[in-house]
Amino acid sequence: MVSNHSTRNTKLDSVKTVLIFLVVLGHTLQSRDAGILNSINVCVKEFIFSFHMPLFIIISGYFFNTQTSTGTFFKRLIEIFASYIVFQAIRVVIGRNYDIHSILNPQYTLWYLLCLVYWRLFTYYSSKIFSTKTVLLLSIAICMGAGFVNSNLLSFQRACVFLPFFTMGNLLHSSDFIERIDKTNIHYGILSVIAVITVYCVISKTYDANLMTVFQGYSPYDGFADIAMRFVWLLLSFPLCYGIYRIIPDSHKLSKYGGSTLAVYLLHSFFTQVFGFVLRNTFLTNDILTNVLFSLTVMAICILLSRNRFVKRLISPVRFAR
């Protein structure tokens, strides 16, 4: 959601637009009373969570340039961290959660921004020592090893679990692999998605696995089954992300909103968290169409709000010259 490139890639912007809508929809479906009792909503939610953050993080890694100067690197890092601090403070005040646990741990969706700081630090400095492929292998080892630590303080688990996707994106940046992906037949993408989702369905039915816990990546291991599931999820996420990326079209109508993803990400949760209240107090019913229309409305409101000068300052409280 944070780009370092001065020129925009319309395909990646199209993908980001679709993904940020799915983030909003996923959190709408996840909101209290909204997606719990409807089986279609639950299936859609699990499908979204199986790939939306891994692919978003891959794109974040792709846009990260490890060859930038140390000064510029830390300026961008400060910008991200400042956004995190502002919205963390807003969340803590609104929630009136002033205990040390609430203050230290990212509120709701803010884990992504804090983890983005971790991922950039790890990738920037490890790339000075190792090749990009070795950095990817190290990140996979960290991902698998983190589950043995019984803590998610400061989003430790999520930072480690999703790290391989950021380093994979950075690896794609340093090669022409993404251009080769764009040239592959779209049918391969469709088959990849079908194959991976089929495997997940078999796993869910056969082993009664809690896939949402695996997809969200914040829980330490509770046995060998959890270790195996994290490995399987990591293995399957890359072909699934490839398939979704390949299916999403390169569209000008979509790409023009690609630059608004950070604003939507930071603002949408203030609306999606009240969806349960809306359902209880209006004529709206808890079906997938209602969830989709509500999510589209929220996304449109967030994009409009992001054009306000005050909101812009909240989203980017610190902005260094480019």
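All residue numbers in this chain count up from 1 along the given sequence.
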- Would a line drawn from the ring center of Trp119 to the ring center of Phe56 be shorter than 6.0 Å? no

| query | In terms of side-chain heavy atoms, does Thr272 have a donor or acceptor partner in Ser269 at a distance below 3.5 Å? | reply | no

In Phe122, Phe165, Phe166, the residue satisfying ring pair (Phe, Tyr, Trp, His ring centres under 6.0 Å) with Phe64 is Phe166

- Query: Should the pair Arg180-Asp176 be classified as a salt bridge under the 4.0 Å nitrogen-to-oxygen rule?
  - Reply: yes

CG (Leu29) and CG (Asn291) are apart, to the nearest 0.5 Å, by 4.5 Å

Practice prompt. Check whether any side-chain heavy atom of Trp233 lies under 4.5 Å from a side-chain heavy atom of Val161, and answer yes or no.
Written response: yes

(message) Check this for me: Asn185, atom CG, are more than 12 non-hydrogen atoms of other residues, nucleotides or ligands nearer than 6.0 Å?
(response) yes

### Query
Near Ile40 CD1, under 6.0 Å, is it more than 12 heavy atoms from other residues, nucleotides or ligands?
no

Does a side chain donor of either Thr184 or Tyr242 reach within less than 3.5 Å of an acceptor in the other side chain?
yes

* To do: Check the pair His173, Phe63 against side-chain contact (heavy atoms from CB on, under 4.5 Å), reporting the backbone distance first and the verdict last.
  => CA-CA 7 Å; His173 175 86; Phe63 280 121; over 6 Å; no

Path from Tyr108 to Leu154 over hydrophobic side-chain contacts below 4.5 Å = no

*Do the side chain of Gln30 and the main chain of Lys45 share a donor and acceptor less than 3.5 angstrom apart?*
no

Gly259 and Asp13 have their tightest heavy-atom pair at N-OD1, 4.2 Å

Quiz item: Heavy atoms, side chains only, cut-off 4.5 Å: are Val15 and Asp250 in contact?
Solution: no

Quick check on the 6.0 Å ring-centre criterion: do Phe51 and Phe47 meet it? yes

key: Ser255 side-chain N/O to His252 backbone N/O, donor-acceptor pair under 3.5 Å   = yes

Could you verify whether a donor N or O on one side chain and an acceptor N or O on the other, from Ser14 and Tyr257, lie under 3.5 Å apart? no

### Message
Contact between Gln107 and Ser102 at the side-chain level, heavy atoms closer than 4.5 Å - yes or no?
### Response
yes

Closest non-hydrogen atoms of Phe87 and Ile315, given as atom of the first, atom of the second and distance, are CE1-CA, 3.8 Å

(Q) When you compare the side chain of Phe21 with that of Val264, does any pair of heavy atoms fall below 4.5 Å? (A) no

Output for pair (Ser139 OG, Met144 CE), nearest 0.5 Å, gives 12.0 Å

Q) For the side chain of His268 and the backbone of Tyr265, is there at least one donor-acceptor N/O pair under 3.5 Å apart? A) yes

Original post:
Strictly by modelled atom types, are His101 and Asp99 linked by a side-chain donor-acceptor pair under 3.5 Å?
Top reply: no

For this session: Answer whether the closest heavy-atom distance between the side chains of Gln273 and Thr28 falls below 4.5 Å.
Result: no

Next on the checklist: Any side-chain to backbone donor/acceptor pair from Arg120 onto Leu77? Under 3.5 Å, distance only.
Outcome noted: no

CD1 (Ile80) and OH (Tyr84) are apart, to the nearest 0.5 Å, by 13.5 Å

Worksheet item: Between Ser192 and Tyr188, is there a donor-acceptor pair closer than 3.5 Å when you use the side chain of the first and the backbone of the second?
Response: yes

Quick one, Leu236 and Leu240 - any side-chain contact, counting heavy atoms below 4.5 Å?
no

- Item | Six-ring centre of Tyr245, Lys11 cation under 6.0 angstrom, axis tolerance 45° | yes

What one should report as the nearest heavy-atom pair of Leu136 and Pro164 is CD1-O, 3.5 Å

Q) Between Arg91 and Phe270, is NZ or CZ placed under 6.0 angstrom from the six-membered ring centre and within 45° of the ring axis? A) yes

side-chain contact (heavy atoms from CB on, under 4.5 Å) evaluation trace for Val311 with Leu267: CA-CA 9 Å; Val311 176; Leu267 298 173; 3.9 Å; yes

CZ of Phe49 to CG of Leu22, rounded to nearest 0.5 Å, is 10.5 Å

ask   = Would you say Asn281 has more than 12 foreign heavy atoms packed within less than 6.0 Å of its CG?
value = yes

Distance only, no hydrogens: is a donor on one side chain within 3.5 Å (strictly under) of an acceptor on the other, for Asn170 and Thr167? no

Value for CE (Met53) from CG (Leu19), rounded to nearest 0.5 Å, stands at 9.0 Å

Please determine whether residues Val149 and Trp111 belong to a single hydrophobic cluster, defined as Ile, Leu, Val, Met, Phe, Trp and Tyr linked transitively by side-chain heavy-atom distances below 4.5 Å. no

Do Ile129 and Val135 share a hydrophobic cluster (ILVMFWY, side-chain heavy atoms under 4.5 Å, transitive)?
yes

key: Thr68 and Arg76: CA distance, side-chain angles, deciding distance, side-chain contact (heavy atoms from CB on, under 4.5 Å) verdict   = CA-CA 10 Å; Thr68 190; Arg76 303 297 171 256; over 6 Å; no

Tightest non-hydrogen contact, residues Pro54 and Cys241, listed as CB-SG, 3.7 Å

Worksheet entry | Leu171-Tyr125 co-clustered via ILVMFWY side chain contacts under 4.5 Å | yes

Begin with the C-alpha distance, continue with both residues' side-chain angles, and end with the deciding distance and a verdict on side chain to side chain donor-acceptor pair (under 3.5 Å) for Tyr118 and Ser155. CA-CA 10 Å; Tyr118 300 150; Ser155 288; over 6 Å; no

Here the gap from Arg158 atom CZ to Ile57 atom CD1, rounded to the nearest 0.5 Å, amounts to 9.5 Å

Scan side-chain atoms only and decide if Asp287 and Asn38 contain a donor-acceptor pair under the 3.5 Å cut-off.
no

Closest non-hydrogen atoms of Leu266 and Leu113, given as atom of the first, atom of the second and distance, are CD2-CD1, 3.6 Å

Note to self: Could you check whether Lys128 makes a cation-pi contact with Tyr124, meaning its NZ or CZ is under 6.0 Å from the centre of the six-membered ring and within 45° of the ring axis?
What the structure shows: yes

Q: Taking atom CG of Asp182 as the centre, report whether more than 12 heavy atoms of other residues, nucleotides or ligands fall under 6.0 Å from it.
A: yes

- Item | Over 12 non-hydrogen atoms of neighbours within 6.0 angstrom of CZ in Phe81 | no

Exercise. For Tyr218 and Phe162, run ring-ring contact (aromatic ring centres under 6.0 Å, His included): C-alpha distance rounded to whole Å, both residues' side-chain angles, the deciding distance at 0.1 Å, then the answer.
Key: CA-CA 10 Å; Tyr218 55 67; Phe162 288 106; 9.8 Å; no

inquiry  = One pair to check against side-chain contact (heavy atoms from CB on, under 4.5 Å): Tyr98 and Val93. What are the steps and the verdict?
reply    = CA-CA 8 Å; Tyr98 303 117; Val93 170; 4.3 Å; yes

- Task: Indicate yes or no for a side-chain donor-acceptor contact from Thr206 to the backbone of Val202 under 3.5 Å, with no hydrogens or angles considered.
- Result: yes

Residues Ile197 and Ser50: closest non-hydrogen pair is CD1-OG, 4.2 Å

- Task: Return yes if some donor-acceptor pair links the side-chain N/O of Ser316 with the main-chain N/O of Arg319 below 3.5 Å, else return no.
- Result: no

**Item:** Under 3.5 Å donor-acceptor, Arg230 side chain and Gly217 backbone
**Value:** no

Do Gln157 and Pro220 come within less than 4.5 Å of each other through their side chains, counting heavy atoms only?
yes

query: Are Phe320 and Ile85 connected, step by step, through hydrophobic side chains (Ile, Leu, Val, Met, Phe, Trp, Tyr) whose heavy atoms are closer than 4.5 Å?
result: no

- Query: With a 4.5 Å limit on heavy-atom distance, are the side chains of Cys201 and Thr198 in contact?
  - Reply: no

